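Report on the structure given below.
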Amino acid sequence: MSDDWSASAQDPRVANTQPGGPSGAQPGSRMARRAAAARPPAPPPRRAGGDHGGRRKMRVLAWISIATTSVMVAGTFTAYAMVRGFVDDIKQKDVNPLIMNPRPPDTGALNVLLVGSDTRAGKGNARYGQKLAREADAGGKRTDTIILMHLSPDRDQARLISFPRDSMVQIPRCRNETTKQEMPPRRDMINSAYNSGGIACTISTLETLTGIRINHFVEVDFSGFKNIVDALGGIEVCLKSGVNDKASKLVLPAGKSLLNGEKALGYVRLRHYGNGSDIQRIKRQQIFLSKVVQKATSSELLTDVGRLRAFVSAAAGSVTMDPELANDTEELVRIATSAKEMTAGGVKFITIPWVPDPQDENRVVWKQPDAGELFQAIKSDTEIALPSAGPSASAPPKVTLKPEQVKVQVLNGTTTAGKAREVADLLSKEGFDVVGVGDYQTPGGSSQPVTQIRYAKTAATGADHAAALAGSVLPKPAPTSGRVRPGNLQRYVPSVATGPGGGAGTGASKDSPIIQLVVGSDFSSVKVTKLPDSVNNSTITASEQKNVCT
């Protein structure tokens with residue numbers, strides 16, 4: 001896999017392991033206990049000190065902000081008129097002039113950065129933490145919540161990816177949002193980008209680390225969280241045992257409870273419950289948000305004009321957005337319509353795969369190559385399906401082929417050494433039956449400008465197999481009949497890193513035609529659809545959380 005997306009994100013220390021557990025943790029040590037608890041991977045426990053009052057994590061604030069953005073609101077004329085009526089209530093902030101670093105290309109997907117701000121500025125916020133209340137007087141704000149919402153180009157699926165605040169990353173040079181002074185690059189916790197530089201620095205940091213273009217951002221604060229929950233009429237949760245926690249000011253019985261905004265705030269801050277781990281708390285927050293999304297997109301809300309108006313008003317007055325999103329009523333409605341359609345199963349919450357930081361057991365680094373494969377899946381989610389005119393009576397039925405049914409010969413048409421094997425590994429990981437690698441260049445040794453997919457003129461099903469391959473290559477080549485003569489052709493043997501996908505003649509039948517992929521200078525990537533277990537195990541689906549007790 002090409003590593004141009006993560007040149008600053010990758011840390012060779014991530015892969016280092018020593019006897020005794022991940023990253024050298026010795027049995028019985030605090031680090032080993034942390035690693036043992038991380039099944040599936042999730043953000044680590046907070047340290048004992050420095051976590052008082054409002055300093056507790058508020059990841060759910062960003063999740064509520066997407067419920068806000070996504071359901072402003074459902075595409076009816078009434079909802080459209082409401083959104084237009086409340087646009088002026090949305091606070092706006094233009095940060096584009098402050099972004100100093102080169103930006104990734106736009107792919108047609110919609111990526112929104114969601115930040116939960118624990119600023120104590122403003123009415124209703126100062127009560128949540130004495131220390132930060134004093135900091136607020138100086139205009140300070142912090143975030144323990146950084147989530148990237150990815151809506152596919154077809155707007156039929158959403159992934160909400162949570163980045164642990166304790167992630168140690170390379171922060172690029174940034175310009176401070178308030179002072180406009182330039183800050184040099186450094187290795188630091190990811191939330192320090194927001195704390196010291198603001199939302200523009202956070203955008204630059206994530207774009208540099210992931211290679212994903214961030215189109216918009218949304219910020220929401222404590223009082224905004226409560227207002228949104230109250231406007232929804234409360235959220236029902238289910239507890240396996242009762243709660244009486246002074247720290248979060250929450251008293252609840254075992255079983256089901258309907259939480260208003262104040263109690264919901266205590267619930268998502270709750271630490272002294274169950275085994276007390278941050279892993280359990282994060283899962284509770286994800287389940288809570290999934291219920292918010294379900295209720296905010298339910299017909300119960302959307303058909304009640306009075307409640308709908310109250311919700312839109314609370315949502316609009318609780319968030320800060322970039323002007324491009326805040327003033328684009330049509331885009332807000334499109335997002336809302338998508339959210340309503342995808343609630344049944346298309347909304348997934350993911351925690352970025354992580355391992356303990358070898359330099360500090362109280363910090364984490366992103367697990368590679370797993371995190372990179374997740375980023376690649378998002379970057380390669382680029383196609384928008386066009387409406388079909390329907391099959392004609394004379395047209396042959398369309399053949400649907402799985403990757404393992406397609407034999408591929410990968411030829412390097414560029415001057416970059418090793419490109420054929422690199423692409424072959426990506427295809428193999430996606431399940432394609434890669435049978436060989438070689439070279440193909442124009443006379444004189446120059447690169448092929450355009451990637452090609454070729455099949456034998458005599459192959460009866462060649463076009464179908466070539467089309468199946470073309471759907472996984474970006475940019476998508478148009479298959480052509482007539483194969484080329486390869487040079488330095490070798491049998492492909494998949495590397496260990498490709499995992500249990502295809503490769504080496506293990507999938508397709510012996511009669512399947514061999515399709516040639518000639519990699520040109522325009523080649524971008526292979527579409528990633530198969531994610532590692534560490535990603536799948538840290539993913540929950542909104543529609544599956546209705547009756548979950550925590």
Side-chain angles (χ1 to χ4, degrees), residues 1 376-377 380-386 388-392 394-414 419-441 448-495 498-530:
M1 180 182 295
Q376 189 61 39
S380 62
D381 183 11
T382 59
E383 291 191 67
I384 298 178
L386 299 176
S388 173
S392 66
S394 59
K398 183 176 177 61
V399 177
T400 301
L401 295 168
K402 298 179 179 179
E404 55 265 28
Q405 295 175 283
V406 181
K407 289 183 178 179
V408 185
Q409 184 183 88
V410 184
L411 306 179
N412 184 7
T414 76
K419 193 67 175 179
R421 168 159 287 279
E422 175 190 323
V423 176
D425 284 346
L426 296 175
L427 290 171
S428 180
K429 188 174 291 188
E430 286 299 302
F432 286 94
D433 186 356
V434 182
V435 297
V437 293
D439 298 318
Y440 181 77
Q441 295 179 0
Q448 293 286 328
V450 178
T451 299
Q452 304 173 41
I453 290 180
R454 294 183 165 271
Y455 59 94
K457 294 180 180 179
T458 57
T461 61
D464 294 322
H465 285 74
L469 175 61
S472 292
V473 177
L474 297 174
K476 184 176 181 179
T480 305
S481 64
R483 294 177 55 181
V484 299
R485 184 182 297 276
N488 192 28
L489 186 63
Q490 303 174 25
R491 179 175 176 268
Y492 170 74
V493 178
S495 64
T498 60
T506 60
S509 71
K510 63 179 181 179
D511 297 325
S512 298
I514 295 177
I515 309 301
Q516 291 181 324
L517 173 63
V518 182
V519 181
S521 299
D522 68 332
F523 175 84
S524 174
S525 67
V526 170
K527 293 189 70 173
V528 175
T529 61
K530 296 184 178 181

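The shown structure was predicted, so the numbers you read here are calculated from the model rather than taken from an experiment.
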| Minimum heavy-atom distance A470-P479, with the two atoms named | CB-CG, 4.1 Å
| request: Could you pull out all residues at least two apart from Q448 that satisfy side chain to side chain donor-acceptor pair (under 3.5 Å)? | output: Q452
| query | What closest approach, in Å, do P486 and Q409 show between heavy atoms, and which atom pair accounts for it? | reply | CG-OE1, 3.9 Å
| field | Side chain proximity check, V519 to E422, heavy atoms < 4.5 angstrom | value | no
| Given side chains that start at C-beta, do those of D433 and E404 come closer than 4.5 Å, heavy atoms only? | no
| said: Show the nearest heavy-atom pair for residues A420 and L411, with the distance to one decimal. | reply: CB-C, 4.3 Å
| said: Is there a side-chain contact between Q376 and L426 in this structure, where contact means two heavy atoms from C-beta onward sitting under 4.5 Å apart? | reply: no
| When rounded to the nearest 0.5 angstrom, what is the spacing between CD in Q405 and CZ in F432? | 10.5 Å
| request: Kindly give the heavy-atom pair with the smallest separation between A466 and I453, and that separation in Å. | output: CB-CG2, 3.8 Å
| Residues forming a salt bridge (charged side-chain N to carboxylate O under 4.0 Å, His left out) with R454, sequence neighbours excluded | none
| request: Would you indicate whether the side-chain heavy atoms of P403 and E430 approach each other to under 4.5 Å? | output: no
| message | One pair to check against side-chain contact (heavy atoms from CB on, under 4.5 Å): R483 and I514. What are the steps and the verdict? | response | CA-CA 10 Å; R483 294 177 55 181; I514 295 177; 4.1 Å; yes
| task | Name all residues meeting the side-chain contact (heavy atoms from CB on, under 4.5 Å) criterion together with P475; count only those two or more places apart in sequence or in a different chain, and write none if there are none. | result | D522, S524
| query | Got T461 and P513 here, is their nearest side-chain heavy-atom distance under 4.5 Å? | reply | yes
| message | I'd like to know if the side chain of S512 reaches the main chain of K407, judged simply by a donor and an acceptor atom lying under 3.5 Å from each other, with no hydrogens or angles considered. | response | no
| said: Taking side-chain contact (heavy atoms from CB on, under 4.5 Å) as the definition, give me every residue that meets it alongside R421, ordered by chain and number, with sequence neighbours left out. | reply: D425, Y492
| query | Do any N or O atoms from the side chain of T451 and from the backbone of G520 form a donor-acceptor pair under 3.5 angstrom? | reply | yes
| query | Can you tell if the side chain of L469 reaches within under 4.5 Å of the side chain of L427, non-hydrogen atoms only? | reply | yes
| remark: Hits for side chain to side chain donor-acceptor pair (under 3.5 Å) against T480, two or more places apart or cross-chain, chain-then-number order -> none
| request: Please confirm whether the backbone N or O of A424 pairs with a side-chain atom of S428, one donor and one acceptor, at under 3.5 Å? | output: no
| remark: Shortest non-hydrogen pair, A468 vs L401, comes out as CB-CB, 4.1 Å
| field | Heavy-atom side-chain contact between Y440 and Q516 under 4.5 Å | value | no
| field | For A463, all residues meeting side-chain contact (heavy atoms from CB on, under 4.5 Å), sequence neighbours excluded | value | Y455
